[in-house]
Structures are given as structure tokens and as C-alpha cells.
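The block underneath contains the structure these notes are about, expressed in C-alpha cells.
Lettering follows sequence order; numbering is per chain, from 1.
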Amino acid sequence: MAKLKGRGVAAVNYPTGMNLGGDPSQALIHATTTGSFVVTLSSVDLGQGLKTVIAQIAAETLGIPYDSVMIDTADTDTGPHCMGTFASRGTHRIGNAVIMAAREAREVMLNVAATELEVDAADLVTDGKGRIHVNGAPDKGIGVLDVALAAHFKHGNTISGRGIFLKPKSTPVPETGEMDPDSCQAHACTIAEVEVDDETGVVRVLKLTNGYEVGRAMNPALAHQQIVGGAWMGISHALYETTEPYYPDRAHGPLDFSEYLMPGPADLAEMESVIIERPASNGPYGAKGIGEMTANSPIPAIANAIFDACGVRVTSLPITPEKVLRGLDALQAVNPV
Amino acid sequence: METIDTSFFTEERAGSFNTVGTSTERADARGHVTGRTQFYEDVSFPNTLHLKMVRSTKHHALIKKLDVAPAMKVPGVVRVLTWKDVPNNWYTILKLIGVGPDDEPVLAEDRVRFIGEQICAVLAETPQAAAEGAKRVKVVYEELPPVFDVEEAMTSKPFTNHGSNYYIYEGHNCRRIRFGDVETAFKQADHILECRYNSAPIEHAPTETTGCVVKPEGNGRYTIYSNTQALYFTLDNTALILGVQFNKLRMIGGTVGGGFGGKVDVIVEPIATLGAMLTNRPVKYAYSRAEEMQVSSPRAAERFYIKDGIMKDGRIFARKITLYVDAGAYCRHSTYGTTKAAAHMPGPYTIPNVHVDAYCVYTNRTPSSAMRGFGVTIADFALESQMDQIARLLKMDPIEFRLKNAYRDGDMKAHRKEVEGAALVEVLQAAAKQSGQKLSSEFLAMSSYGWGSANGKA
Amino acid sequence: MLQAVVTPTSLGDLRKALKLAPKATLVAGGTLVMPIINEGAHGISTLVSLSKLGIDAVSFKKGIATIGAAAPIAELARHSELKFLSAVIDSIGSPTLRNMATVGGNLFAYGDLAVCLVALDATAIVVNAKSKRSAPVEEIIKKGVKAGELVTHVSFAIPKPGTFKYAKASRRALNSASIVTVAAIIPLVKGMVADCRIALGGVAAKPVRAKSVEKLLNAKLFDEKTVRAAAAAAAKEIAPFTDAYASAWYRARVTPVHICRALLGDAAGKS
Amino acid sequence: MKGSVVSITLNGVERETLVAPGTTLLNLLREHQSLTGTRRGCDQGSCGSCTVLVDGKAKLACLIPVETIAGSRVETVENLALNNELHPLQQAFVEGFATQCGFCTSGMIMAAKGLLSVNPRPSRADVIRAISGNVCRCTGYESIVDAILAAAAGMGKPLKKSA
């Protein structure tokens with residue numbers, strides 16, 4: 001028996017958003033009497049962290065602390081339209097809508113502050129900690145709380161904003177396929193190291209070294225979650241998963257988490273990932289969608305590493321021990337040792 | 001934990017932020033760890049009816065007889081819904097963005113086209129009574145020959161009700177990309193490499209299964225607590241299927257126990273809402289784990305044929321791709337995914353001659369739909385396996401080979417969109433650096449800013 | 001639909017319960033029966049739980065281990081006398097499942113422990129309404145028990161140190177069903193194999209003895225060459241099937257490999 | 001079909017519940033006691049989302065007919081953050097970004113608690129084994145294993161309070 005080691009590379013790009021019918025999302029923002037801001041959406045958090053990242057984007061644009069932002073989602077009676085959470089569109093589309101809404105609300109907030117401070121609104125800045133002051137003169141300022149109170153009870157102003165992001169519909173030209181389906185592209189490269197058991201065909205992924213280009217990481221820890229979880233799913237797709245283990249034969253479809261194979265906590269690979277950032281010109285603070293892409297590059301990188309290890313090119317997913325072993329047997333038949 | 005290598009695109013990424021770029025604690029983390037986060041199934045209402053679906057046990061068959069009377073005899077069974085109860089039984093999810101035709105019945109009428117297809121819905125006081133009722137519904141089938149292979153399906157007798165086992169894209173039997181002239185280019189190429197790649201369907205397998213609870217509000221409105229990934233998609237389709245004004249429905253959701261694309265379909269809400277309307281009681285329809293695994297849409301199985309014309313110097317000169325996407329019995333989001341796949345071709349490389357035929361094909365299996373990396377994940381497996389084969393054919397380092405072909409700003413993609421914001425060169429460089437692989441100065445100097453331009457590194 | 005769940009606390013109570021509901025389904029840890037109950041439309045009207053019968057103890061006497069059928073598998077890990085089974089225990093489900101799943105359940109699910117019990121030549125103690133009998137576990141697995149019978153205990157001699165061999169091939173490292181399970185007792189006398197027992201799981205509907213492999217090993221020098229040659233004979237004993245984990249072809253193809261690994265260790269043939 | 005009253009000490013308080021035959025502990029918690037923190041992911045024992053402690057041992061609530069555990073002590077995730085203080089496991093999951101969708105989190109934490117009660121200084125391998133019956137589809141497990149180890153290391157001394 002031998003454990004054959006190999007290394008494989010793959011690089012990919014991934015579109016942010018997918019637009020064949022117009023791809024909008026909206027956001028509404030308003031301040032409470034006490035200077036909290038409510039971002040109202042009908043957007044869905046699947047676990048990727050939308051509620052966190054959107055609050056960060058809103059806080060950044062409003063110039064207030066993250067803690068002062070509340071995300072109110074998702075109720076179609078109150079939340080404005082969102083196309084949905086898919087196509088790596090959430091952070092990009094909703095983030096952009098939130099920035100637009102937050103700018104409008106910020107303008108009102110600064111105007112109220114200017115009135116209270118008897119200065120020109122154009123001279124005001126926010127410190128991100130809950131205060132608004134004259135640029136260069138931190139003492140000449142007012143708290144966001146007081147601005148909100150004044151807006152409500154003195155001036156009769158609503159500190160609010162409306163935002164929408166729309167990628168207009170692109171209809172492909174039937175003859176050539178000319179189209180504009182996406183907003184930007186994120187990128188990834190994986191270098192996989194594997195070990196192949198030459199008697200059983202079992203593949204173990206030893207290590208994935210990943211480079212990810214994400215536009216800008218709104219929250220690096222959450223980007224890291226997507227990267228690690230996505231790369232795990234990549235390993236899972238490469239070696240384990242299917243609802244039809246003998247496709248196109250329909251038999252033996254798994255019905256539970258025992259039969260539906262995915263790597264467990266004892267089957268993990270070492271992972272080393274680096275993020276690089278090339279902000280997207282149309283992304284919120286440059287962010288691109290990365291949630292989907294993270295699963296993609298590990299799959300071919302593993303397939304290529306398996307070939308490197310043992311000379312078996314498996315061209316169908318998942319790469320089961322059986323497929324590898326049949327490949328090894330075929331090599332042995334051609335070239336007996 | 002997370003490393004950002006700021007030596008790439010240093011100028012472009014410069015900026016000062018307060019909260020953006022900060023690893024803020026997750027807003028939902030404390031709710032998750034204390035068990036207080038409210039998922040859709042955590043709401044409950046008195047008098048809720050439980051819905052159990054009777055499903056096809058055949059791949060393809062005519063329904064000769066459907067007898068629901070035995071189910072009604074089970075104590076606790078309140079009603080059985082069949083297609084006759086559904087106001088607009090035929091639908092397609094992407095209707096809202098102008099995609100047709102309506103190719104899928106909410107509940108099967110005279111035939112079934114895959115194992116697991118919804119036939120009728122048993123509503124009962126308890127999940128146990130609903131399951132018992134569902135088991136007792138009698139369905140008499142006359143089996144028809146099924147088709148399981150995508151290429152076979154292209155030419156076999158159509159089983160769909162729209163005349164072909166593939167989707168028609170504006171008069172073409174596939175989504176096409178035509179860029180340059182691949183046939184002439186193949187003649188000029190030094191090497192030709194052809195290979196077939198394929199995949200089997202993949203399940204999203206979220207830990208929370210798909211489901212909803214629908215509550216009649218007594219004022220003609222219905223609140224749908226759902227774990228859909230797209231509230232308005234679900235609301236609008238549900239209203240269209242049920243023939244009610246959009247504002248009669250209210251969706252509440254937004255907190256989902258994993259989606260990965262599996263909760264973009266609109267399957268449970270219309271029928272549960274119909275049940276709530278016809279009984280004036282709350283109705284719950286949650287997929288069992290087995291239903292989630294086998295009945296909910298998987299990621300499509302795909303089959304690729306890639307033919308490349310390659311020059312001795314390592315440049316790919318032409319790429320021809322034929323792709324079959326196994327949509328299963330109905331279209332759902334597959335037409336869109338197939339177009340997305342076509343637009344993704346030929347991968348992040350600048351290739352002057354590209355020809356893509358992407359077929360969206362119907363077979364008698366569980367309809368496939370969106371999943372993380374829709375249209376792209378399996379394509380990347382095929383494309384990047386192919387890239388590895390070419391690098392080996394040319395005896396080139398796989399990273400250097402990719403750098404030679406990587407797209408740059410200003411290049412024209414095969415779907416005639418100019419590249420901007422490219423960074424493939426840099427992720428290759430970054431991964432090489434991270435793994436300790438030393439690239440030669442020629443490759444280190446490359447940049448996404450353009451061919452022969454100085455790179456984006458500080 | 002389920003009408004009653006009964007939890008008798010003595011064998012007498014159990015007999016009474018079964019008299020009232022002869023078609024009752026027995027449940028112990030719940031890992032096998034409850035998924036069926038939860039799915040509904042199961043046709044089971046009475047569940048009789050074995051969890052409080054008092055047949056969950058593990059005891060040792062003169063080198064013989066006696067294990068109650070309702071003992072959770074996790075319980076086995078608490079006894080140093082059973083340390084030789086630690087790799088087996090570790091390979092069955094997860095710690096959470098092992099807190100529930102029982103020895104008896106594993107026996108009738110033809111699980112990995114059942115394979116070991118066959119290799120260990122364990123005896124099952126079987127009771128019915130009136131009497132008590134004992135029978136080899138191997139026979140119980142082959143023929144099942146009669147209506148009204150219940151396996152209350154299994155017992156086996158603790159094997160001599162170093163003689164028990166075990167390997168399980170599965171698709172995941174932990175908590176994964178068997179593709180091939182190999183359990184064996186390989187006693188050596190002066191380097192020669194003396195009366196070995198080898199049982200295989202995952203390669204037929206029920207655990208099987210690999211008698212032809214045993215035959216080729218007995219009275220032979222225990223070395224790699226002998227083991228490899230003998231392992232190939234396992235093909236005669238197995239009736240592999242295809243499931244979501246592996247095809248029949250794959251099971252058959254790797255059965256000799258895993259017999260070698262069980263007997264020789266993972267390092268076998270590394271050269 | 002006759003129901004019966006089952007008495008269980010639930011998070012320290014004795015509760016009597018009238019249940020239909022074969023009601024699972026999971027249904028008792030969720031439907032009868034409104035303790036929805038214990039999640040239903042499969043009802044088959046295959047996902048671990050409903051892991052709770054029964055008499056101190058991690059078990060799957062979906063596989064337990066409550067009649068068979070009458071008189072037992074059951075602890076659920078709701079019992080951990082008493083007096084508004086997160087349990088060290090909870091704190092470590094928050095700080096270690098060990099949650100994404102959050103659906104598996106309760107089960108993970110209870111499986112970990114079951115481990116730490118008998119093995120307060122577990123190795124990485126021990127932690128991996130303890131959660132090997134719990135499915136997470138989001139994280140790739142690494143952060144969860146790290147969080148449990150961090151909690152074990154920090155138990156007994158207060159963990160850093162995050163802002």
C-alpha cells in the first residue's frame with residue numbers, strides 16, 4: 001500500500017448578481033426619536049451575515065456607531081422590495097441600496113444639526129461615534145441623539161432615506177449571446193494537496209491554500225467564514241456529495257445525513273487563505289459577492305491534485321473512491337507493475 | 001484568523017473607514033448561541049393543520065385514477081387538496097421576469113413526470129393523521145417510459161407539455177455564445193484537446209428543511225411564515241397561482257437555517273396558503289428530511305464537452321463548449337442557470353475564438369434548480385480540469401499557464417462585455433506566494449491592469 | 001398510529017405487556033425505531049421500551065464479559081476490561097448516538113458490534129415467556145429469534161491481549177456506515193495461527209464468517225504473504241450489495257484489502 | 001389513543017405534560033413547552049440539531065419517546081445563559097465566529113456541554129469526536145471545534161467580555 005501525494009491548481013472568477021430580468025433591491029432608513037437608525041428591508045439572511053454587514057454599511061454611510069443601527073427584516077408589509085438572497089447579490093445590491101438611503105438620511109441629519117449648531121451643513125462631519133461636529137472643530141458639535149430629538153420635536157423633520165439599487169435588465173442577443181448579466185467579478189485560486197490510497201482509491205485532502213479577491217471585505221471575519229465554509233463545501237462536492245450516487249441511474253438516493261455524504265469534523269483539510277482586495281467600482285465600498293465562489297476553486301484543484309498523485313483523471317463528480325480505484329486498476333491493466 | 005494581503009491593489013483599496021472592514025461581532029450570534037433566534041418553525045398557532053403531500057412513486061406515468069376517499073376516513077384528516085382546488089395550477093417560477101411557458105403543475109393532473117412529484121395534499125389535525133391519510137390515498141398509474149440521459153432526452157419523444165425535452169431560447173434549441181471563429185482557429189492550432197466532464201445532482205442539505213406556516217388573519221389576508229430566500233418571489237408567485245390580489249398575502253421570514261439556493265423555489269407556500277384559505281385554519285407544510293434530500297430541487301447534473309485549440313506558446317486560441325444541463329422534469333430556474341453558465345464561458349481567460357451551445361434539457365428526475373455557484377460550479381470543475389490537462393500537455397507549470405491566459409482589464413469576454421476590475425492574475429500570484437511557490441519575474445510582473453502593463457502591486 | 005408506549009420495569013411486566021400487545025414493537029435506544037415512528041404511517045400501535053428492564057448492566061466474571069442487551073454502546077467504553085473494543089466503539093455512530101444506541105440494537109441492525117460478537121464467538125441469552133436458553137450470536141444473526149423471544153444479554157470470553165483485530169472502512173472518518181468491517185480473533189502459537197475467527201460486516205445482508213479465509217490462515221505462519229493470499233479467499237463468503245455509500249463492486253474489490261489491514265495493521269505492505 | 005402525563009425535570013423545574021403516545025422529547029420541548037431553541041433538522045437522529053442533555057448525557061431529543069424518560073432531568077440550550085451571562089461555550093461561539101445560519105448551534109453547544117461535563121480538558125480529537133453526530137452545513141466545522149476548545153481552556157476563569 002502507498003499513500004500517493006499530489007498537488008493541483010485551479011483558478012476561477014465569479015459574477016456578482018445575475019440579471020436577466022432587472023435585478024433591484026430597496027432599503028428604507030429612518031431615525032428613531034433617540035437617534036437610533038432602523039434599516040427596513042425584506043431581505044433574507046441565510047447565515048451569510050447580511051444583518052451584520054448591512055448594519056456596518058449603514059453605520060459607515062450615516063457616520064454613526066454600528067450599535068446604533070437596527071436591521072428590520074423581513075416582512076413584506078413593511079419592508080420594501082428585495083429580489084432575494086441568491087446569485088451572490090445580497091451584500092452588493094442591498095449594500096448599495098442602503099448606501100443610497102443612508103446618504104439621504106444623513107443629509108437630513110446634517111441639516112438638522114446645522115440648524116441646531118447655526119453653521120453650514122457642508123462644514124459638518126460625523127465622528128462615527130455618535131457626534132456631529134464642525135470639521136476641524138470637535139468641540140463645536142452635537143450628539144446624534146440630540147439631533148434626532150430636535151428633528152422630531154422641534155423641527156418636524158423626518159430623518160429618513162430611500163434607497164434602491166437596480167441593475168437594469170439585459171436581454172441576451174440570441175445569435176451571439178451578447179449580454180451584460182452581472183455587475184462585477186470576484187476571483188479565487190486554490191492549490192490543493194491530496195493523498196490517494198492506492199489500494200482503496202480513498203482521497204484525503206491534506207491542505208488547501210487559497211487566494212481570494214473579494215473587492216473589499218466588509219467584515220473580514222465574516223468573509224473568512226464564507227471562505228472556510230465554502231472551501232469545505234468544495235471538498236464535499238469534489239469527493240462526496242450527490243443525491244444520485246449512480247447517476248444517471250436513479251437508484252440509491254440518500255434520505256438522511258448518514259447516506260447523504262459530506263465530510264465531518266474529522267475529515268477536514270488544513271486551510272490557509274489569503275484575501276486580496278480590488279474594490280469594485282460599482283460595489284458598496286467596493287464589495288463584491290463571494291458567498292458562492294468560495295466553493296468552486298477547490299473542486300477542480302482537488303481533481304487536478306488527484307491526477308498529479310496517481311495519474312487518474314476523474315472527469316465526473318463526485319470523485320468517489322470507486323472511480324479512483326477503477327482508474328488505478330485501468331492504469332495497472334495497461335501498465336502492470 | 002483572516003489575512004488581507006494589502007500588497008495587491010494598494011492604491012485602489014486605500015481608504016479609511018469606521019466600521020467597514022472591521023470584524024464586528026455577528027448581529028445574530030447571541031440569538032444563535034442562546035437558542036433564541038426565531039426560525040419560521042418556531043412560531044406556532046392553535047388549531048394548526050398539518051399538510052402531508054402524496055407524491056408520485058413513478059418516474060413517468062399517467063394517473064389513471066386518484067381516490068382520496070380512504071384518506072378522508074382517517075380520524076383527524078380534514079381535507080385533501082387536488083389540482084382541481086388550485087386556481088391557476090400551471091406556473092413557472094421565473095414568470096415574473098418574463099420567462100415562460102408555465103410548464104409545471106402545482107399538483108399533478110393527468111400524469112407525473114418524476115418520482116416525488118406532488119399529487120395531492122392531505123390536511124389533518126396532527127402530523128401523524130396527515131401521514132396516515134397520505135398513505136391511504138390510492139393512485140393508479142399507467143407507466144410511461146422515462147428518460148434519464150440528457151443527450152438521449154434531446155432526441156427522445158417529448159414528455160413535457162410544451163413539445164420538446166429542451167428549452168427553446170428565442171428560436172434556438174440552446175443558449176448560444178458566438179465569438180470569433182472556432183472552426184478556422186482549430187485548423188490553425190498546434191494542439192487540439194477534447195474531453196467530456198460531468199456531474200451528478202447535488203443537494204443543498206441545509207440543516208433546516210424547507211417549510212412554511214400560513215395563518216389566516218380573519219380579514220381576508222394570510223400571513224406566511226417562511227424560510228424562503230426570496231420573499232417577494234414567493235409572495236408574487238403564490239398570489240398568481242392562487243389568483244388572489246398580491247396584498248392579501250404577507251410574508252414574514254428573513255432568518256433561514258441555511259439556504260444555498262435550495263429555498264428559492266416556490267413549492268410549499270402556494271399549497272399551504274391554499275389549504276389555509278379553504279379551511280380557514282393555520283396550515284403548516286414542512287419538508288421531512290427525506291423530502292428535502294430527494295424531492296427538493298438539487299443542483300443540476302451537468303455534462304460538458306470541451307474542445308480547445310492551443311498554440312505552442314501556451315495561448316489558448318479557441319474553445320468550443322457543448323453543455324447539457326439536466327433540468328429534471330420542469331424548468332424552475334434552470335433556463336436562467338444555463339444562460340449564466342453560457343455567460344461564464346470560457347472561464348476567466350482571454351480566448352479569441354469561443355463557441356458555446358448550452359442546452360437546458362428535461363429528464364424524468366427531480367427538477368433541479370439554483371444552488372450556490374449556479375451555472376458556474378460544475379463549469380469550473382470542467383474548465384479547470386481541462387486547463388490542467390492542457391498545462392500537462394504543454395509541460396507548463398499550471399499557475400504560469402493560467403497567468404499566460406488570464407483575462408485583463410479591457411479584454412473582451414466571449415459575451416461581448418469588456419473586462420473591468422479583473423484580478424485573476426493577482427489571486428494566482430497570491431496563492432503561489434502563500435504556498436511558497438516562487439514565480440519567475442516574468443510572471444510576477446504580470447498584472448490585471450493590462451497586457452504588458454506594470455502590475456498592481458505597490 | 002401509535003396507541004401506547006409501555007415501559008416495563010421487569011421481565012414479568014414485559015411478558016404481561018407483550019401478552020396484551022403481541023405485535024408490539026420493541027424499542028431500546030430509539031435510534032432504529034424512532035425514525036420510523038417519526039415518519040408516520042408506520043402501522044405500529046404499541047411500543048414496548050426495554051430501557052427500564054434492568055438489562056443494561058455490564059459485568060465480568062472469570063474472564064467472561066456479560067453485557068445487557070439494553071446497555072448503551074457508550075457504556076462499554078467505561079470498562080477497562082473492554083478496552084480492546086475501543087476502536088470498535090469509536091467507529092459506531094457518534095458519542096451522542098452511542099449514549100442511546102444499545103448493544104442489542106446493534107446486534108439486530110447487524111452493525112459493527114455484531115460483527116465483533118461473531119468474531120468473539122459470543123453467546124446470546126434468550127428468554128421467552130417461560131424459559132431461558134442460550135445460543136451462539138452467530139446463529140442468532142443467521143436465524144433470528146422466535147416470536148416472543150428476547151435477547152437479554154450477550155457474553156463472550158475476553159480475548160487474549162493482541163489477538164483481537166478490527167478495521168472498518170467507511171466514507172467518513174467518524175459516524176459513518178460500514179463499507180467493509182473486519183473483526184477477527186487471531187491467536188498465535190509460536191508465530192503460527194491457531195484456530196482463528198474472522199467476521200465481516202457491510203459485505204452481505206448480515207455479518208458473515210470468513211471461513212475460507214480462516215482455513216487458509218489456520219496452522220500457517222502469520223506473515224504478510226499468508227494473510228494476503230488468504231484474504232483473497234473472502235470473495236467466496238460475501239454477497240456484497242450496492243447502497244448510497246458504495247457499490248457491490250467496490251465492496252468486493254476492497255474486502256481483501258481491509259482484511260489485510262485489520263490483520264496486519266495500516267502499515268501492511270508499505271515498502 | 002390515550003394520552004398520559006409525563007413528569008420531567010426540565011431545566012431544573014419539574015414539569016408535568018399531557019402527551020399523546022410516543023410524543024418525542026423534541027416535540028414535548030418545542031410544541032408543549034415552547035422551548036424552541038432545540039431545533040428539528042431531521043427527526044431521524046441523523047443531524048444532531050436536537051441534542052439535549054438527559055440526566056447529564058448528550059442525547060437526541062427526536063429519538064426519545066418521553067414515556068421512557070419519565071422522572072429524568074433534561075437540560076436544553078435555554079438553560080445555559082442564566083442571569084443574562086453567556087455560558088463560556090456560548091461566549092466562545094460568539095467570539096470565535098462559530099455560528100453562521102445558527103440552526104446547528106444549539107445542538108453543537110449541548111453536545112459540547114455533554115463532553116465537557118465528563119472531560120473538562122478535551123483534546124482536539126475529543127472535541128471532534130463529540131460533535132461527529134452534529135451536522136453543520138455552513139462553517140466547515142473548524143471554527144466550532146476551535147470555539148469548544150477555547151471554552152474548555154477558559155472555563156473556570158472568566159472569558160474576555162466582548163464589547
Side-chain angles (χ1 to χ4, degrees), chain B residues 1-2 22-46 48 50 75-76 125-129 131-132 202-211 227 229 254-260 262-263 284 286-293 371-372, chain D residues 1 20-23 27 29-32 34-49 62 76-82 84 86-87 89-110 134-138 142-143 146-147 162-163:
Chain B
M1 184 194 266
E2 53 288 339
T22 306
S23 290
T24 313
E25 180 182 304
R26 287 186 67 108
D28 49 11
R30 282 162 196 266
H32 289 344
V33 300
T34 53
R36 302 287 172 88
T37 298
Q38 185 181 291
F39 294 95
Y40 95 85
E41 210 194 353
D42 298 336
V43 299
S44 56
F45 305 103
T48 296
H50 299 264
E125 303 287 349
T126 63
Q128 291 79 9
E132 192 63 38
I202 292 174
E203 168 55 29
H204 312 80
T207 44
E208 178 202 42
T209 66
T210 303
N227 57 11
Q229 291 178 227
T255 303
V256 177
F260 313 103
K263 292 167 179 166
K284 178 175 174 181
Y287 278 176
S288 69
R289 174 53 55 188
E291 286 174 317
E292 190 72 38
M293 289 294 185
M371 186 173 179
R372 188 183 208 169
Chain D
M1 186 170 77
T23 296
N27 281 336
L29 294 172
R30 293 184 55 87
E31 319 290 336
H32 297 265
S34 299
L35 291 169
T36 54
T38 305
R39 313 295 185 187
R40 182 198 315 278
C42 71
D43 252 349
Q44 304 162 314
S46 77
C47 78
S49 304
C62 74
T76 70
V77 71
E78 284 91 348
N79 200 42
L80 266 63
L82 296 173
N84 216 18
L86 291 185
H87 183 279
L89 276 164
Q90 295 172 317
Q91 189 71 32
F93 270 63
V94 170
E95 288 177 5
F97 290 89
T99 68
Q100 283 189 37
C101 83
F103 202 81
C104 75
T105 307
S106 307
M108 288 285 183
I109 286 178
M110 295 314 288
N134 295 68
V135 174
C136 172
R137 186 56 159 159
C138 303
E142 201 77 45
S143 57
D146 288 342
S162 67

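There is no contact between B:T48 and chain D, counting heavy-atom distances below 4.5 Å. Neither the backbone nor the side chain of D:C47 comes within less than 4.5 Å of any heavy atom in chain B. When heavy atoms are compared at a cutoff of 4.5 Å, D:L80 does not approach chain B at all. At a 4.5 Å heavy-atom cutoff, the contact between B:T37 and chain D is made by backbone and side-chain atoms alike. Contact of B:Y287 with chain D is not made at all, since no heavy-atom distance falls under 4.5 Å.
With values rounded to the nearest 0.5 angstrom, D:R40 atom CZ is found 5.0 Å from B:E41 atom CD.
Across every non-hydrogen atom of D:Q90 and B:V33, the tightest pair is NE2-O, 2.9 Å.
Using a distance-only test at 3.5 Å, with no hydrogens or angles considered, no donor-acceptor pair links the side chain of D:R39 to the main chain of B:E208.
Here D:R137 pairs with A:E241 under the side chain to side chain donor-acceptor pair (under 3.5 Å) rule; sequence neighbours left out. Among residues two or more places apart in sequence or in another chain, the side chain to side chain donor-acceptor pair (under 3.5 Å) test is passed with D:R30 by B:D42.
Ranked by heavy-atom pairs under 4.5 Å with chain B, the first of D:G48, D:G41, D:S106 is D:G41.
Within the 4.5 Å cutoff, the side chain of B:R26 has heavy atoms near those of the D:Q100 side chain. Looking only at side-chain heavy atoms (C-beta outward), B:H32 and D:M108 stay at 4.5 Å or farther from each other.
Screening B:V256, B:T207, B:T255 for a side-chain contact (heavy atoms from CB on, under 4.5 Å) involving D:C101 leaves a single residue, B:T207.
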* To do: Give the C-alpha distance, both sets of side-chain angles, the deciding distance and a yes or no for side-chain contact (heavy atoms from CB on, under 4.5 Å) between D:T36 and B:Q38.
  => CA-CA 8 Å; D:T36 54; B:Q38 185 181 291; over 6 Å; no

Take B:R30 and D:T99 through the test side-chain contact (heavy atoms from CB on, under 4.5 Å) and record every step on the way to the result. CA-CA 9 Å; B:R30 282 162 196 266; D:T99 68; over 6 Å; no

**Asked** So D:V77 and B:T34, side-chain contact (heavy atoms from CB on, under 4.5 Å) or not? Walk me through it.
**Response** CA-CA 6 Å; D:V77 71; B:T34 53; 5.9 Å; no

